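Whatever order the structure lists them in is the order used to number ligands and atoms, beginning at 1. The analysis underlying the following values was restricted to heavy atoms, covering all of them including side chains, and did not include hydrogens, waters or symmetry mates. Source: prediction; values computed, not measured.
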Amino acid sequence: MMANNIQDIRTDFPILDREIDGTELVYLDNAATTQTPESVYEVFETYYREYNSNIHRGIHTLSHEASVAYEEAHDRLAQFIGAEGREELVFTKNTTESINLVAYGLGLRNLGPDDTIVTTEMEHHASLVTWQQIAELTGATIQFIRVTDDGHLDMEHANELIGPETAVLSVTHVSNVLGTVNPVAELAELAHDHDAYVVVDGAQSVPTRPVDVEEMDADFLAFSGHKMAGPTGIGCLYGKRRLLEEMDPFLYGGEMITHVTFDRSVWNDPPWKFEAGTPPIAEGIALAEAADYLDDIGMDRVREHEDRLAQYLLERLEARDDVTVYGPPSGEQRAGLVSFNVDGVHGHDMSSLLNDRGIAVRAGDHCTQPLHERLDIPGSVRASFYVYNTTDDIETLLDAIDDANAKRDAYLRSERYHDAIYDHYKNPRNAGGLSDPTMRKSSDETVCGDDGEFHVDIGPDGTIERLAFESQSCAVSQAVASILTEHLEGMRLAEVAELNAIETLLDGQFPPLRRDCVVGPEDVIREAAREYVDRRTSTTP
Ligand code: PMP
């Protein structure tokens, strides 16, 4: 149905007319941030032209108008997810802040060494890192429900883990890498059987399908405005009214109190209790407009559209033997995102190639490093869709992926890149490890999202005698590592600790958009040299 008026929808998003170096933009990075329709950003103009003012503080017309619009925006977002009203809907900065609000307001105060936090291997860092921190601060144990090879949560394992000690279950509704739609209602029931709190990360679900907090029986649901046709700088936390009333604030200051003396303060009612200081007023009002925009289309239709595009891409990628796709296979319910790798082409190189064709995708670990470790891959390329994408966009993507290896070589040879990049990528010097190096330094996590390692043999006088690198990084980063190894042989470690050579070695010719890939290896070897020099200085009497 949506396909009938997709062209109308596209006209609501003027940015889609943009060209990237003369090529029409194909925007497939919606799981990171969606585009914003004109009606939403017009809210900003109206707000700042007509009633910009601080809320809840002034007895004047502008303040009254801003307050009413901002309060009603809470009701609108509450309605969007099936909550009762503004008392259950807190505006935050984003999903990350929403999860932190629950973790600090509730987790930090109530959890202890006897408690367990159960979460999953497919969590975004927004929740994984936050709960890891709460576990560390409270002595609680954190456990991860396993992800099966086909990208589902292992429900048997969930049943084993969720038990009487479980205090919190924190689960993502939709995986931002695998596209899996998790059975959150079933998981919530399990957790509630043991009186655990259920926190749902709705960053990828609220924008893409009908979500009803009552149906899923979530205690808390976090989501972001910028992934649902809204502006940046605003997110939401839904919480059951009783829980928000009981819960402690996370930030303190003005707006969140009703009465303050030198001795103590009395908190305001939810949601204001959790919105300390001047909140994102225009952003909140604009987000309500985004909810209107999506409801006009119909969230059922958004879901169908997303699923149709995902299935279309999945089927075509599955038919190729040079592509590995992650997550549930075609035919299963999916969110509108597909992560994959093309054999022999690093994600960052693929992103560059696609950008050359005007296609925006994301490559890397997508803020899910543990999941990528579980999948045993350094990173992946993710194409993600929204209401304005078409099968033509997918065809453009598929076409760009054809012969990616050859295209990667051609683009490395193009004039945008220094000749040394192609030469060193094709004929790497000092590649492979040394057998028993004096020093090794891993990049841990480079910007390319994978491990590179330098091996160094150091002579008695502190000079580099031999140097080698091992890397699964992108072509640019590997080439730079090779160039550096040639340059550094014979240098003193003390000099390397001050290294700033790569820009000169490449005659200042930085590949477009790839600065991080270029400077990464130099950062690693410089850091290694600094550590070595520091160790020597501290052990020398
Ligand atoms: N959770 C998931 C599943 C996400 O996809 C994202 C955004 N990539 C986040 C949390 C974090 O969202 P934000 O950066 O808006 O806080």
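The two residues K273 and E245 come nearest to each other via the heavy atoms NZ-O, 2.8 Å.
Salt bridge E246/R242: present, at least one basic N to carboxylate O contact under 4.0 Å. Salt bridge status for R109 with D248: present, with a side-chain N to carboxylate O gap under 4.0 Å.
Within 4.0 Å of ligand 1, the residues that place a heavy atom are N94, T95, T96, H124, A126, T172, N176, D201, A203, Q204, S224, H226, K227, listed by chain and number.
H348 and S352 form no side-chain donor-acceptor contact under 3.5 Å, judged by distance and modelled atom types alone.
Remark: H192 engages D217, D219 in a side-chain hydrogen bond (donor to acceptor under 3.5 Å, both in side chains) (not counting sequence neighbours).
The cationic atom of R316 (NZ for Lys, CZ for Arg) lies less than 6.0 Å from the six-membered ring centre of Y312 and within 45° of the ring axis.
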